[in-house]
Structures are given as structure tokens and as C-alpha cells.
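Since the structure comes first, as C-alpha cells, the remarks are kept for the end.
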Amino acid sequence: MTAPTDTPGTLTTVYKVSGMSCGHCEGAVSGEISQIPGVSSVKAVASSGEVTVVSTAALDEEAVRAAVDEAGFELVGKA
């Protein structure tokens with residue numbers, strides 16, 4: 001799901017990621033995704049497998065997939 005946020009010029013996108021089970025997992029995924037240009041915030045929740053990303057523009061899903069892969073997890077797709 002991609003939807004405008006209250007802040008003009010930003011997008012919030014929720015992704016599903018499989019394999020996260022703890023706070024360390026959340027931090028690893030958040031750290032990798034936050035390095036993608038244009039990302040302003042990332043919140044990963046292991047219990048739901050959801051990662052909420054706020055960015056200045058739509059992100060290339062392959063860049064997000066590569067970041068999640070680098071963290072050792074699998075991007076399922078957009079929630």
C-alpha cells in the first residue's frame with residue numbers, strides 16, 4: 001500500500017518481510033533500508049512482518065529487495 005502522508009512531498013509504503021523474529025532483526029532491516037537514497041524513516045515490526053518506509057518519492061522495489069536481502073531476510077512485497 002502506498003499512500004500520501006500528512007507531510008507534502010513524502011510517501012509512506014508498507015512492505016511485508018519474512019523471517020524477522022526479534023528486535024535485532026528489525027534493526028538489521030531498518031538499517032539497510034534507511035541507506036536507500038530518499039528514505040527519511042523506517043519502522044520494522046517483527047511480530048507482523050511489516051516494514052513501514054517514509055520516503056521523498058516512490059522507491060524502486062528492487063532496491064528495497066536488495067536492502068532486505070542484505071539484512072538476511074526476504075521481501076515478500078508491498079502489504
Side-chain angles (χ1 to χ4, degrees):
M1 169 171 84
T2 303
T5 63
D6 294 335
T7 308
T10 64
L11 289 175
T12 300
T13 308
V14 180
Y15 296 95
K16 290 294 281 184
V17 174
S18 67
M20 293 189 300
S21 61
C22 65
H24 181 268
C25 299
E26 294 170 348
V29 170
S30 295
E32 290 295 333
I33 294 176
S34 68
Q35 294 179 34
I36 298 172
V39 171
S40 55
S41 74
V42 182
K43 176 158 179 55
V45 180
S47 61
S48 66
E50 292 187 343
V51 180
T52 303
V53 181
V54 178
S55 58
T56 55
L59 299 176
D60 174 29
E61 191 163 328
E62 287 309 309
V64 177
R65 185 175 308 281
V68 171
D69 191 54
E70 183 67 28
F73 303 94
E74 181 182 350
L75 178 68
V76 176
K78 292 181 182 174

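These values consider heavy atoms only, across backbone and side chains, with no hydrogens, waters or symmetry-generated copies.
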### Task
Take Val39 and Leu59, measure what side chain to side chain contact (heavy atoms under 4.5 Å, CB included) needs, and give me the verdict at the end.
CA-CA 8 Å; Val39 171; Leu59 299 176; 3.8 Å; yes
### Task
List the steps and the verdict of side chain to side chain contact (heavy atoms under 4.5 Å, CB included) for Val17 and Glu74.
CA-CA 6 Å; Val17 174; Glu74 181 182 350; over 6 Å; no
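In this structure, the side chain of Thr10 does not engage the main chain of Thr56 through any donor-acceptor pair within 3.5 Å.
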Tell me which donor-acceptor pairs under 3.5 Å the side chains of residues 45-53 have, and how far apart each pair is, sequence neighbours excluded?
from, atom 1, to, atom 2, distance (Å)
Ser48, OG, Val45, O, 3.4
Ser48, OG, Glu50, N, 3.2

For residues 64-71, which side-chain donor-acceptor pairs fall under 3.5 Å, sequence neighbours excluded?
from, atom 1, to, atom 2, distance (Å)
Arg65, NH1, Leu75, O, 2.9
Arg65, NH2, Glu61, OE2, 3.4

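Applying the salt bridge (charged side-chain N to carboxylate O under 4.0 Å, His left out) test to residues at least two apart or on different chains, none of the pairs has a partner in residues 9-32.
Between atom CZ of residue Phe73 and atom SG of residue Cys25 there is a gap of 3.5 Å, rounded to the nearest 0.5 Å.
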